[in-house]
Structures are given as structure tokens and as C-alpha cells.
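Shown next, in C-alpha cells, is the structure this report addresses.
FYI, side chains are in, hydrogens and waters are out, and symmetry mates aren't considered; it's all heavy atoms of this structure.
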Amino acid sequence: MRIRKLNIHSFRNLKSTSLIDFQDFNFIHGLNGSGKTSILEAIHTLALTRSFRSRKMQTVISFDQDALTVRGEFDAIGRKRNGAQQPPEDISSIGVRRSRQDLVLVKVNGEKLGSVGQLAGVLPVQVINPASFELLEGSPGVRRQFLDWGVFHVKHSGFYELWPRYRKALQQRNSLLRRGNIDAATLAPWDAELSATAALITAARLRHFDELAIAFDSVYRQLLRNSVVFSGLDDLVPDSMPALSLEFFGGWKDFDERGYAEVLKDDAAQDLRAGFTRSGPHRADIDLKCGKLRAGEVLSRGQIKTIVCALKLAQSKVLLDQGIPTVFLIDDLAAELDEGRCRAVFSELVDLDVQVFATAVKESDLHNDWCRNKPLKRFHVEHGIVTPLM
């Protein structure tokens, strides 16, 4: 789907805004605090019913209002998958309302959804913003969330159903462990549920990871080549950008050789002393290494940012190859990367053929030629007022 129109009401300083005629690339510029990032947040809320900047939606609602609403209209487009044209999606509109009482109302094509979960996966959005760079330097939870975003959107992975089952069983087992003085028979039902779901979750993650690693290698190399070319340097990749390797950790030692049921049995005594389940898919991680060292510990900030962009682009390429296009929300990339790297990122976005919404402080920070003749529209934001420029 392509977003064609967006209506935003009581969303931060965007009191009542109607934006129409979006194109493949949509550039939004304005001073800090003007409301440009709020437009990206609104699109994210349309997809996931929440902002990417805050899970407390009460803080996103305009201070003098009781609720916010976001409504998007879409153009349905067919996609090629495995060489064959796929039929267009039949979703023409999505509406989301969030109240200060934390009530959520979602409508698709004007029909109220029975649960927020039914919206999951309808509009995949990929965010690149300053917080994205925690992907290398942040906790394992950040990388798990990144990996699971891709697994979740893969059709027939079953991840949406499996992960809540696993989390519920984990909570029950941890609750028992905190009590102390329990035997193996008491843990057995929860161990069985954890083992069954863990095997499926890990297999789904590993399938996506394998595809991601292949795509990342290709995208990363292309980003490096284009960064050099667009920066006006010679056509050799600088030695300062090292060879990288991606490794998947399932959440327990020797996960590729030992089943989780065996791990739970062997670790029961230590889990009981700790009061929680120490190993499992909830501890899964991605290691990105330069030789034997973790990349986040040895690379420069510019290198880390380039790699994170490559990971986000590669993940969306994996989904696109399966007929699942994403919408990119890019917040002030020019403040994070030099012009050559920015242009290289946008070159990859053009090749992906995805819809892009990008912000910058100055109009000159987002160049028309980055879009390579793809349809482009610009907007200027000032004090919550959005004006189309072209």
C-alpha cells in the first residue's frame, strides 16, 4: 500500500492537519519543535497505535484535548513476488483514536476492529532515527526487537501467536521459581510449554536471520561503494570500514545442538536459586563482530550509523522479496550522516521501491536528486502548520 492522505488531530502540536497527494518520496522540513517529527510519529501510530518516541500516549495528545486521532487513506498497488504480479491489498483506510484514559479505537475501511492485535502487520513501518543507532550499542533487547520485527511480518511464521504463549509460560515459571521449595513435577507443565514454543520461535528467528545476513552483506557493500562515489573520493572502499560478520545467539549455550527442554532440566537448580529462568529465547541476541570483537565497541560513530542503516535496509529487502513492502520513516538523517552517506542510503531506498517520509531542519538537507526522478513532494512545517511546497 501507498499512503495517499493523512488526517491528524490533537497530535502534539499538530492540532488539525490534512495532508494529501503523498508521493514515493516525501520530504518534510522545519525548525526543531515545529512538528515535523510528529508527522512521522502519526504514521507510526497509524501502523502500531503508538508513537516510536513514547509508549505513554497521554504525553502525545495535545495538552488541551482528551484524545488524538490519525486517519490514513491508501492507494492499493500490486507487487511482484517471485516474478509474478500479486493482487493489490484491499485496505483503503485505517483510523486510530487514543484517549487520555488509554482507550484505543481502530477502524479499517470504516469497520471497528475487535482488538488492536488485528491491525498487526497491516502497515509495516521501518524507522531510522537517532534512537535506531542503539541497535549496535544498546542492550540485547533492542536487537531482539529488531529481529522480531522482521520475523513477525513474515507470513506463516506464526510468531504473533507463539511469542505471547512463550511469555505467558515464562511468567508462570518465574513466579513458581520465586516461591522456592518446588520440585520438577511442579515446573513440568510450564517447561513443556516453553520447550514447544521455544523451538518454533528460534526456528522462525533463525530463518529470518539467515536471510537477513545475506541481504546485509550485499546492502552494506553497496552502501560503502556508493558512499565513496557520492563523496567524490576514489572508487576504492576505505580500509577504515572493516569486514563484518553477523552471528545469531538463540538464548542458551549451544542452542544449535541442545534442545531447550534439556537446558531447562539441567539449569533447574540454578534457576531456582536465581529466582528466574536464566536462559531461553527471551535472551536471544544478534552479535555483529569485527573479527572477534563486537562492532559497537570498536567502530566509530559514523561507521556504526552506516551499519545500522544497512541493517534496516537489508531487513526491508528481505520482506520485500516476500511481497511485503515497508514504509520508511526517516528522522533528520542529515544530522547523523554526511551527505555522501545520506545519498547512498537514499539510493538504496530508490532501489527498494518503498514509500519514504524523511525530515530535516533545512530544505537543502534533503536533495531532489537523491530520489533519482522518483515522484517527490515537499512540505514545510512551522508551529504545527504544515504547508505543501511542491
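- Residues forming a ring pair (Phe, Tyr, Trp, His ring centres under 6.0 Å) with Phe22 (at least two apart in sequence, or on another chain): Phe357, Phe379.
- Residues satisfying the ring pair (Phe, Tyr, Trp, His ring centres under 6.0 Å) test with His208, not counting sequence neighbours, are none.
- The aromatic rings of Tyr166 and Tyr260 sit tilted relative to each other, their planes meeting at an angle between 30° and 60°.
- Side-chain heavy-atom separations under 4.5 angstrom define the hydrophobic clusters, and the remaining members of the one that includes Ile324 are Trp149, Val154, Leu319.
- Among the candidates Tyr160, Phe159, Phe146, the single residue satisfying the ring-ring contact (aromatic ring centres under 6.0 Å, His included) test with Phe152 is Tyr160.
- Between the Ser51 side chain and the Arg53 main chain, a donor and an acceptor come within less than 3.5 Å of each other.
- Side-chain N or O atoms of His380 include none that pairs as donor or acceptor with a backbone N or O of Ile28 at under 3.5 Å.
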Pair Ile304-Glu137, side-chain contact (heavy atoms from CB on, under 4.5 Å): steps then yes or no: CA-CA 9 Å; Ile304 287 172; Glu137 300 173 313; 3.4 Å; yes

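- Among residues two or more places apart in sequence or in another chain, the salt bridge (charged side-chain N to carboxylate O under 4.0 Å, His left out) test is passed with Asp148 by Arg205.
- When hydrophobic side chains of Ile, Leu, Val, Met, Phe, Trp and Tyr are connected at separations under 4.5 Å, Leu105 ends up as a singleton with no cluster partners.
- Grouping the Ile, Leu, Val, Met, Phe, Trp and Tyr side chains by contacts below 4.5 angstrom, directly or via other members, places Ile330 apart from Leu31.
- Separating the NZ atom in Lys112 from the CD atom in Gln118 is a distance of 11.0 Å, to the nearest 0.5 Å.
- By the ring pair (Phe, Tyr, Trp, His ring centres under 6.0 Å) test, Phe27 is found to be paired with Phe346, residues two or more places apart in sequence or in another chain being considered.
- Under the 3.5 Å distance criterion, the side-chain polar atoms of Glu134 are left unmatched by any main-chain donor or acceptor of Ala131.
- Evaluation of the side-chain contact (heavy atoms from CB on, under 4.5 Å) rule for Gln171 yields no partner, not counting sequence neighbours.
- Every salt bridge (charged side-chain N to carboxylate O under 4.0 Å, His left out) that Arg173 has, sequence neighbours left out, goes to Asp191, Asp271.
- With sequence neighbours excluded, the residues that form a salt bridge (charged side-chain N to carboxylate O under 4.0 Å, His left out) with Glu336 are Lys305.
- Side-chain contact between Leu244 and Cys290 is present, with at least one heavy-atom pair separated by less than 4.5 Å.
- Salt bridge status for Asp266 with Arg258: present, with a side-chain N to carboxylate O gap under 4.0 Å.
- Using a 4.0 Å cut-off between a side-chain N of Lys or Arg and a carboxylate O of Asp or Glu, Arg2 and Asp353 qualify as a salt bridge.
- The aromatic ring centroids of Phe255 and Phe248 lie less than 6.0 Å from each other.
- By the salt bridge (charged side-chain N to carboxylate O under 4.0 Å, His left out) test, Glu161 pairs with no residue at all, sequence neighbours left out.
- The shortest distance between side-chain heavy atoms of Thr306 and Leu223 falls below 4.5 Å.
- Checked for salt-bridge contact, Lys377 and Asp21 meet the test: a charged N lies under 4.0 Å from a carboxylate O.
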Verdict with reasoning, Asp267 to Lys253, per salt bridge (Lys or Arg N to Asp or Glu O under 4.0 Å): CA-CA 11 Å; Asp267 292 356; Lys253 186 177 180 180; over 6 Å; no

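- The only member of Val142, Ile307, Ile286 that meets side-chain contact (heavy atoms from CB on, under 4.5 Å) when paired with Leu135 is Val142.
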Residues Ile128, Cys309; criterion side-chain contact (heavy atoms from CB on, under 4.5 Å); working and verdict: CA-CA 7 Å; Ile128 298 178; Cys309 288; 4.2 Å; yes

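- When hydrophobic residues (I, L, V, M, F, W, Y) are linked wherever their side-chain heavy atoms come within less than 4.5 Å, the members clustered with Leu177 are Leu176, Ile182, Leu187, Trp190, Leu272.
- Membership of an apolar cluster is not assigned to Val318, as no side-chain contact below 4.5 Å to another ILVMFWY residue is traced.
- For the atom pair CZ of Arg100 and CD1 of Ile61, the computed distance is 5.0 Å after rounding to the nearest 0.5 Å.
- Side-chain atoms of Ile94 and Lys107, non-hydrogen and from C-beta on, never get closer than 4.5 Å to each other.
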